[in-house]
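On a predicted model such as this, the values are computed, not experimentally measured, just so you know.
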Amino acid sequence: MLTQSSSTATAYMGVRITQGSTGFLTVNDEYAAQYGGPVPGSASTMFRVYGLTAGATCTVTAMHRSSDAAVTCWFDNFFLRADPAN
């Protein structure tokens, strides 16, 4: 759930993916879950990532921000899921 204290700002929750010590996917607002408004709500996003090496260790890290630096956004719950595919 994403909530914020402003009706004009947008809350973003995205991911950064690293493979070993190499950055693979940087945070991108295009793929982020987004929510705007002062009333509690929820948002989700899902996308495919290609090019990861099979068997390599990957780390998925949640990254969040507000579109207005003066507005605080709260994230009550967030779940990150990475499914290997053939």
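- In the hydrophobic cluster analysis, where Ile, Leu, Val, Met, Phe, Trp and Tyr join through side-chain heavy atoms closer than 4.5 angstrom, L80 is grouped together with F47.
- Surrounding CZ of R65 are more than 12 heavy atoms belonging to other residues, nucleotides or ligands, all under 6.0 Å away.
- L25 and L52 fall within the same hydrophobic cluster, where Ile, Leu, Val, Met, Phe, Trp and Tyr residues are linked whenever their side-chain heavy atoms come under 4.5 Å apart, directly or through other members.
- Criterion: ILVMFWY side-chain heavy atoms under 4.5 Å apart, direct or through other members. Under it, Y31 and F24 are part of a common hydrophobic cluster.
- At least one donor-acceptor pair under 3.5 Å links the side chain of Q34 to the backbone N or O of D29.
- Contact between A9 and D68 at its shortest, heavy atoms only, is CB-CB, 4.0 Å.
- Neither side chain, T57 nor Q19, offers a donor N or O lying under 3.5 Å from an acceptor on the other.
- Tested against H64 for a ring-ring contact (aromatic ring centres under 6.0 Å, His included), the candidates Y35, F75, W74, F78 yield a single pass: F75.
- The hydrophobic clustering, which links ILVMFWY residues whose side-chain heavy atoms are closer than 4.5 Å, places V15 and M63 apart.
- The side chain to side chain contact (heavy atoms under 4.5 Å, CB included) test with R16 is passed by exactly one of T26, V27, V60: V27.
- Judged purely by atom type and a 3.5 angstrom limit, S66 uses its side chain to pair as donor or acceptor with the backbone of V71.
- Listed for the S67 side chain is a donor-acceptor partner under 3.5 Å among the backbone atoms of T10.
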